[in-house]
Every structure is written in structure tokens, then in C-alpha cells.
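Just the heavy atoms: all of them, side chains too, but no hydrogens, waters or symmetry mates, feed the values below. Just follow the structure's listing: the first ligand is 1, and inside any ligand the first atom is 1. All of these numbers come straight from a predicted model, not from anything done at the bench.
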Amino acid sequence: MRAPTVTGYLHRLSADVVAAVIPTSARLKILLCALWLVSGPLLAEPQKTGEQRGDDFTVRARYLQEQDARLSPEEAISALQRDLFNADSRAVPSFGIGARPVWIYLPLSNTSPTQKSVNLAVGKPWIDQLNVYLVRGDRVVRRWSTDGSGDESGDGAAQAAPGIGYLFPLTLASGRSGILIRASSAEPLVLDVALLSDDALAQRKQQSHYGHGLLYGFLLAFVCGNAMLCYGLRERSNGLYSLYLFGYIALSFIYSGHSNMWPDNPFIQRYGLSLALVLFCSAGFLFACRFLHLDTYAASTQRWGIGIASGAVLLVFTGAAADVQWFSVWAAFLFAAVFIVGVVYLGLLSGRHGERAGRYFLGAALCSVVGLAVTLSAFCGLLPLNTLTFHAVEIGLVLEATLFSLAVARRVRSQEEACRAAEQLSRTDALTGLLNRRAFDDDAASIWSTAVRHNRPLSVIMLDIDRFKAVNDRLGHPAGDRVLVQISRLLASCSREGDKVGRWGGEEFVVLLPETSVAQARRFAERLRRAVSASKIAAAGTSISLSISLGAAERGRHRSLSQLICDADKKLCEAKRRGRNCVVSTGPREATA
Ligand SMILES: Nc1nc2c(ncn2[C@@H]2O[C@H](COP(=O)(O)OP(=O)(O)OP(=O)(O)O)[C@@H](O)[C@H]2O)c(=O)[nH]1
């Protein structure tokens, strides 16, 4: 039975947790689902150099790094016989960026009496050159190379397999033989070697296709979603994020070997990785500046950052134009390191300046920069390269894209809430919380036209607190305010749901009563008057008794709502003249022309 791998354990664990968290928040569920999805394609065990699966070859690889001059295969065999090759205990040896070419020797033993076919998988698809020699005794009997300079007839040519590396089809005669490989690359020299049966190779290819299909599909959905948000919301940061993710897809396309679909284009092989890396990081940097509104509080940092990003792009392109591959590679990888540190710094900086988006940004960006740092370190030989470290950047980006979408959704929601709150505020009287005059006019206009269209009764009550000036003078303005608030509450609590109660100005209020005749309005006004007279209003440490005067009018031959309100106001004045604390109304259907 195979021992469980870390990724297999993660996959099962996250699936269990997803199943168990049905009642928890949707956000957590989305995150766990994402973890489950990305851990799925990683179930393949890490390749181990020298491990042979399921047949009788015995392999133990040894390595020799060229020092000065290029060794011929014969010189390499001689060095092997002089025991100059060393074993490497790492599962996947990695010699870093710009390393001297490395020779690998794999002793093979075919104990069966017949010859055997097997696929040799070497390195990563970005390795610039591989030469493979089949050795028997101290003689090279076959040779292959990625640049077609070998003797490919018979056993077939070397081919790049996306997500796997370079494949060399071997036919091994019975007995002992060996494989010598020379690998050179300006980019990170990662040399995993495996011997795969046809079935194992087909399985790996299938895993790679499904894994990359899932990853690219997931990220492309985010690319399109953000492009649409950029267009729809006119928010440039979404466009830059879309570009950043697209940059990563291009980068992954190149380093996983899918770009070898164009084998006749050596430029992509030599410079594709550096160009895609620098474009991906630059887009990420521009996105960070825009998303964090850096121009408002750290304009000089933003200028520096954009300067560094432009400089890096320029250096990598200059290296490519002058065909100095090592220069482009170093510039791109150095800029990637600056990007990793820079993005974290920008997140912290924005948090210090109270930028709310900074918190989400930092959380999301940490996922991708940690992933990118782990993968780049593994490529450069600073960390062991295995399935998890190889795919760390992909896992990080998938998590980041998910978190960033949640952050965008939250931002849109809080903008909507702020809009609604501002609209509500603009309609409300600040002191009493009733409709202000503008909001009352807006609401009343549609009620008026409905009543006119369907010829339905509609009444208005205007009311005013009696001798309110005396309250202010005696108890002070704040006490007067408290009185206004309490009378407003009383009005709101006495009115029906469809009624519109507004503060007309000062200590004067208006109530619009749809589907209400003047007789009904009058009864309602009386009820209000009695309620105010009966209540003791607490203000300035004492309780005071107040009264109100009211005027009511019903829609009749009025040509506009303001005429109706004017009629009600006239009746209010009449109530004041009659000695206050009373209701005066128009007669049924009586109105000014
Ligand atoms: N505390 C307070 N007072 C206000 C506010 N708006 C208007 N007033 C006061 O309300 C008082 C209205 O006084 P008047 O128009 O003379 O009316 P009155 O004293 O109520 O007398 P009558 O209406 O004739 O019964 C003035 O003293 C205004 O300063 C407010 O928002 N808060």
C-alpha cells in the first residue's frame, strides 16, 4: 500500500471539512472548496530520481557539474569511471539560475532476457538543451538531443510533454547499460529524471491535462469576470487584475511546456519565461497601486514602484533584443523577488494609512506571493522541488483570485450600502427623523397623481406647536429640540403606514393622508391634538404640557398639491386665530378654485 502523500492528505482533509461545514459561512465554504479543487490535481506522488516503478530496472542517478570546458560524452564516461560523479539526495535536484551544465548518469539493469521499452522523462520544459546518450560498457550506442543534433532515427525523437518535461523513448537490451544526460539552461536548472512505462506516462499526461485544464479554466473565468467588471464599473483596478491573471496564465503556459506547441520558435523557448514573468509581476504591481489608491497617500512610493517595474520590463526586453539570455533571466527573477517583497510592503503601507482595502489586499496577496516565493525558491534550488512546491504559485493564485473576488464583492456591497445610507440621509430631517420637505414633496407628488388619476380622496393636515417660542425662551433651544423630537415620535406612531409625515419647517409639520376624506382627516387630527394635550413632555429636567393647532383640507377642485397644502395651512392659521389647541378643516369637497 502506498503511503499517503501530504497533498493526498490535504485533499481528503479539505473534502471532509467541506462536508462538515454546511452550516458555516458561505465564504469559508468557498475557500475550502477552492482548496479541495486545487489539491485534487496534486495527488500524483512527487517524482523521485532513481525510482523505477513496476519493473526490473534498477536506477541510481549520479551528477557531475561541468567546470570550464564542455565535456564530450567520452570524457564524461571517463569521469564516471574515475568516480567523479556524485549522488544527490534531493528528490528533484535543482542547480539554480545560470548554473554550469550538469551531467547525469543513470545505471540501468534489464534482468529480463528480452529488450524493454521505456520512456525517459528529464527536466522541465524550459530547459534549453538536453543531450541524452545510451551507454553500454564505455561506448555510446545511441544519442538524442532536444535540438535535433542527435541520432533520433529508430528510437524516435525527443519531444517535450507539457507538465512533464522532455521525453526520450528508450529501448534497452538485456543486461547492464547506462544513460548519460547533459543538461544546460540559462533558466533554473531543475533536473528531475524518471523512467516511465507507457501506462505511467499516459497517466501523467492525463493528470497534467486535467490539472492544467482546471487551472486555466478557473483563472480564465476570473480574467473574463474582472474584464467585465472593469468595463461595467469603469474600475481600472479590475482590468489590471485581469491582465495580471492573464500574465500568469501565459507564464504557466510557458513553464509547464505548453508553449512547446511552437517548437520552431526558439525565441519563446529562450525568452518566453523571462518576458512572461516580468509582465505578470508588472501587471500585479500596477494593480496593487491602483487597488490600494496609492496615489492619494504614497505618490512617491507609487512613482518608484512604477519606475522599477518599467525598468525591469525594459531590461528584460533589451536582453531579449540583444540576445543575451542570462541577462533577461536574471533581470526577470530579480524583479520577481522585488515584486514579492514590494507587494507585501504596499499592503502594509496601505493598512497603516487606514485604507480598508489594504486588509483584504494583504490577505489575498500573501497567498500568491508566498506561493510565488516557494515555487521560485524551489526552481532556484533553495527549497526542495516537489509537487507541492512546484504548484505552490498556482495554489496561491487560485486562493488569491477567490479572496480578491470576495473583496471586490464586499467593496461593491459597501458602496451600495453607503449609497443607500446617503440617499436615506438626504431624505430625512436630521433632528426629528421625519421626511424632510424635499422627500415629502417627492413622495407626495406620486400620491397626488394617483389620487387625481383614480379620483380618490386625499387629505392634508398642517399642524403647528402652540407657543413654542415660549418653550425655547424659558427652557433653552436644546429643550425645544427635545420637544420637537418627542412630538415627531407621537405623530409617527399615530399615523398609518401609507400616510406621509414630514417636517414642513420650524415647529410646523405636514401629514398627507391617502384614501382619506376630510371627515376622517378631521377625526385623525382630533386624535393627534388630544394625544399631544394629554402627554407630558420631558425636557430640561422638567415635564411640560403643550398643545397643537391643526388645519385639514381634502382634495377637491385643486389644480395642484401645493394648492391643497395651502388650503390646509389657511385652516391652521384659522385654528391659531380661534385660540389654538383646536382643529379647523374645510367642508367636504370644499376648496379654493
Ligand atoms: N428648538 C428649536 N426651535 C425652533 C426650531 N425651528 C424653529 N424654532 C423656533 O420655533 C419658534 C416659533 O415661534 P413662532 O413662529 O413665534 O410661533 P409660536 O411661538 O409657536 O407661536 P404660535 O405658533 O403663534 O403658537 C421660534 O422661536 C423658532 O426659533 C428648531 O429646530 N429647534
Can a side-chain donor-acceptor contact be found between R555 and N455 if the only test is distance below 3.5 angstrom? yes
Which of the numbered atoms in ligand 1 are below 4.0 angstrom from a heavy atom of D466? 25 (O)
Numbered in order shown, the ligand 1 atoms found under 4.0 Å of a heavy atom of G480 are 1 (N)
Checking a contact table here: which protein heavy atom is nearest atom 24 (O) of ligand 1, and how many Å away? R580 NH2, 3.1 Å
Roughly how far apart are L219 CG and Y244 OH, rounded to 0.5 Å? 10.0 Å
Check ligand 1 against D464 and write out every atom of the ligand that is under 4.0 Å from a heavy-atom position of the residue. 23 (O)
As a test of understanding, state which of F291, F222, F361 forms a ring-ring contact (aromatic ring centres under 6.0 Å, His included) with F404. F291
Element-labelled atoms of ligand 1 that are located less than 4.0 Å from some non-hydrogen atom of I465: 20 (O), 23 (O), 25 (O)
Are any of the N/O atoms in R503 less than 3.5 Å from those in ligand 1? yes
Distance-only N or O hit between ligand 1 and L431, under 3.5 Å: no
For atom 3 (N) of ligand 1, the closest protein heavy atom turns out to be N472 ND2, 2.8 Å
Any luck finding a side-chain donor-acceptor pair between E400 and Y248 under 3.5 Å? no
Starting from atom 10 (O) of ligand 1, find the nearest protein heavy-atom neighbour and note its residue, name and distance. F468 CD2, 3.1 Å
Among all protein heavy atoms, pick the one closest to atom 13 (O) of ligand 1 and tell me residue, atom and distance. K469 CB, 3.6 Å
For N436 and D429, which I'm curious about, is there any donor-acceptor pair between the side chains at under 3.5 Å? no
Nearest protein heavy-atom contact for atom 32 (N) of ligand 1: which residue, which atom, what distance? D481 OD1, 2.7 Å
Checking heavy-atom distances from atom 30 (C) of ligand 1 to each of L484, I548, D473, V485, the winner is L484
re atom 6 (N) of ligand 1, the protein heavy-atom contact at minimum distance is G506 CA, 3.3 Å
Shortest protein heavy-atom distance from atom 25 (O) of ligand 1, along with the residue and atom involved: R467 N, 2.8 Å
Under-4.0 Å salt bridge between D466 and K576: yes
Going by atom types only, do R503 and T432 share a side-chain donor-acceptor pair under 3.5 Å? no
Looking at E574 and R578, does any basic side-chain N land under 4.0 Å from a carboxylate oxygen? yes
What I want to check is whether the side chains of Q520 and S517 have a donor and an acceptor closer together than 3.5 Å. yes
In this structure, atom 14 (P) of ligand 1 is nearest to the protein heavy atom E507 OE2, 4.0 Å
Cationic tip of R438 above F440 ring, under 6.0 Å, 45° of axis: no
